[in-house]
Amino acid sequence: GCYMKMYATITSERAKKGQGGNKYLIIEIKAERFDGIPTRANQYRLSLSANPASNRLYAELLDYSTGEVIVLNKGEKQ
């Protein structure tokens, strides 16, 4: 059968420099060359960052095909 190849790339300036922990992570999620579907339709960006005021995680997902940003967690105390 036909299936997608999935890839993830995590970028962080501190990680590139070998400096340990990060205040944020950006994760690019892509699926390449799926028959009949443009590559851009299979790209997402997950952004995670710490909110020092609440000591919580802020998370959002960007769908590159639509430009829609979905906030998954506002990083605020419940």
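Along the sequence shown, the residues carry numbers beginning at 1.
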- Item | L61 versus Y44, closest heavy-atom pair with distance | CD1-CB, 3.9 Å
- Where is the tightest heavy-atom contact between S47 and I26, given as atom of each residue plus distance? OG-CG1, 4.4 Å
- Same cluster or not: are L62 and Y58 linked, directly or through other Ile, Leu, Val, Met, Phe, Trp or Tyr residues, by side-chain heavy atoms under 4.5 angstrom apart? no
- Joint hydrophobic cluster, L48 plus V71, side-chain heavy atoms closer than 4.5 Å: no
- What distance do Q43 atom CD and D63 atom CG have between them, rounded to the nearest 0.5 Å? 10.0 Å
